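Heads up: the structure comes next, in structure tokens.
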Amino acid sequence: MAEKRRSGGGTVMPDSKSVKAESDKEFLSQAGVGVLLRDALLKLVEARSEDPIGFLAEHFSNLASESESGPEQQQLSRALWHLSLAHHSQRSAFNNNIRVAYDLLTQCGSLRHVPGGIQGRIYTEMLQCLCSEGGLSGTTAAPLLRRIRCHDYEAVPFELFRQGVQTCAAFTDYIRKSQCLYAAVASRPERPAERSLCRAVLATLEEALDTSHGADSARFLEASAKISPAKLAQAMAEVRAAGEQQEGPTMDAREFEDAAAALFIARVRVVI
């Protein structure tokens, strides 16, 4: 009798925990959770974010928002997200992300049927989004976009796409650094800076741009960073020592930013 009890004498009922584990595994597999998590972790490793939880939260938030928009906007959002993973100074990683972004846009709906590249319309929209997400105002970004945009009906090959993305990324950083330079010469936050000092800083900035060799805008993207505190202080001291007559009493931040932007844009090749 004891032997019969041990052998069961009939059908063995599966363990409830084992059934539940199999059911959970099947659910995760069908939902594609494993792929989602793997992709998210790979992106986290690539980005080396200092805030892993925030990075993953933003990643899944972007995925959720993409599912609520049309195919074209989904691809555009994904392309922008890939471009945000590495700073443009990290050339290898940033170039790889540009390629991923470009490939995503060529796979989107009618965009794949454009011979020779993606549509000029989506290219221009991408550049506008890059400038906007970089914190640039429409007024500041407009002159640059007019210089590098393509017509809506034109096909944009990868190399032109790459140059446009790099230029916008560099311009965004350049404007931020220019704003810091203005803050350095303004005596008080509530008062505009002296015009003579601003002109001295702009002249030093122009010199830095001219000494940054290379046709590619990425070659002079760090020009404003070349102005060390010592060089900036020297330029300001020379202006004060010379007692230069001011063209106007002050220069506000908007005027300074426009002048600094014009120095950069003048050195960007026009897209014909």
Side-chain angles (χ1 to χ4, degrees), residues 47 58 61-62 65 73 75-91 93-95 97-98 101-102 105 118-152 156 160-186 189 192-193 198 201-202 204-206 208-209 212 214 216-227 251-271:
E58 183 178 1
S61 176
N62 288 337
S65 62
Q73 287 302 314
Q75 296 298 75
L76 181 59
S77 296
R78 291 181 63 192
L80 286 167
W81 186 79
H82 278 282
L83 292 176
S84 70
L85 294 179
H87 190 265
H88 57 86
S89 61
Q90 300 171 281
R91 296 190 185 280
F94 192 66
N95 281 329
N97 291 338
I98 291 177
Y102 185 81
L105 296 178
I118 64 172
Q119 287 181 356
R121 174 182 58 80
I122 199 69
Y123 165 73
T124 300
E125 185 176 352
M126 162 69 76
L127 299 185
Q128 290 173 337
C129 290
L130 280 174
C131 291
S132 177
E133 292 189 0
L136 297 184
S137 67
T139 303
T140 300
L144 175 67
L145 294 175
R146 283 195 297 269
R147 202 170 184 88
I148 62 177
R149 70 183 179 185
C150 292
H151 294 294
D152 290 353
V156 180
L160 181 58
F161 179 85
R162 183 187 68 80
Q163 291 180 9
V165 169
Q166 283 188 334
T167 298
C168 286
F171 184 64
T172 298
D173 257 12
Y174 169 86
I175 291 299
R176 281 199 291 262
K177 292 173 182 176
S178 298
Q179 292 169 343
C180 292
L181 290 175
Y182 180 83
V185 298
C198 289
V201 173
L202 289 170
T204 308
L205 184 56
E206 183 174 17
L209 285 167
S212 299
D216 193 331
S217 63
R219 295 293 183 181
F220 55 76
L221 60 89
E222 296 175 351
S224 55
K226 291 182 178 180
I227 304 180
M251 180 183 293
D252 62 24
R254 176 77 263 172
E255 183 181 357
F256 182 88
E257 184 174 315
D258 289 344
L263 293 175
F264 183 102
I265 295 171
R267 290 160 175 78
V268 176
R269 288 179 295 179
V270 180
V271 175

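Quick caveat: nothing in here was measured; it's all calculated off a predicted structure. When reading the values below, keep in mind they use all heavy atoms of this one structure, side chains included, and skip hydrogens, waters and symmetry mates.
Scanning both residues, Arg147 and Ala266, for their nearest heavy atoms gives NH2-O, 3.9 Å. Taking each heavy atom of Leu130 and Leu83 in turn, the nearest pair found is CD2-CD1, 4.0 Å. The two residues Ile148 and Gly164 come nearest to each other via the heavy atoms CD1-O, 4.1 Å. Pairing each heavy atom of Ile265 with each of Pro143, the nearest pair is CD1-CB, 3.6 Å. For Tyr174 against Ala260, the heavy-atom pair with the smallest separation is OH-O, 2.6 Å. Nearest heavy atoms, Tyr123 versus Leu160: OH-O, 3.8 Å.
Exactly one of Ile122, Val156, Ile118 qualifies for a side chain to side chain contact (heavy atoms under 4.5 Å, CB included) with Cys150. That residue is Val156.
With rounding to the nearest 0.5 Å, the separation of CD in Gln166 from CZ in Phe94 is 6.5 Å. Here the straight-line distance linking atom CD of Gln75 with atom CG of Leu80 works out to 11.5 Å at 0.5 Å rounding. Atom-to-atom distance recorded for Asp258:CG and Leu263:CG is 11.0 Å, nearest 0.5 angstrom. Here the straight-line distance linking atom OG1 of Thr140 with atom CZ of Phe264 works out to 13.0 Å at 0.5 Å rounding. Here the CD-SG distance, from Glu255 to Cys198, works out to 8.0 Å after rounding to the nearest 0.5 Å. Summarising the geometry, atom OH belonging to Tyr182 is positioned 6.0 Å from atom CG belonging to Asp252; distances are rounded to the nearest 0.5 Å.
Side chains of Phe161 and Leu105 form a contact here, defined as non-hydrogen atoms less than 4.5 Å apart. Side-chain contact check for Asp152 versus Gln119: every heavy-atom pair is 4.5 Å or farther apart. You'll find the side chain of Asp173 reaches within 4.5 Å of the side chain of His87, heavy atoms only. Side-chain contact check for Tyr102 versus Val165: every heavy-atom pair is 4.5 Å or farther apart. No side-chain heavy atom of Val185 sits under 4.5 Å from any side-chain heavy atom of Leu181.
Formation of a donor-acceptor pair under 3.5 Å by the Asn97 side chain with backbone atoms of His82 is found in this model. Thr124 places a side-chain N or O within donor-acceptor distance of the main-chain N or O of Gly120, the cut-off being under 3.5 Å. In this structure, Ser84 contributes its side chain and Trp81 its backbone to a donor-acceptor pair below 3.5 Å. The main-chain N or O of Leu127 is never found under 3.5 Å from a side-chain atom of Arg149 such that the two would form a donor-acceptor pair.
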Quiz prompt | Audit row: Cys168, Leu145, side chain to side chain contact (heavy atoms under 4.5 Å, CB included) steps and yes/no | solution = CA-CA 8 Å; Cys168 286; Leu145 294 175; 4.3 Å; yes
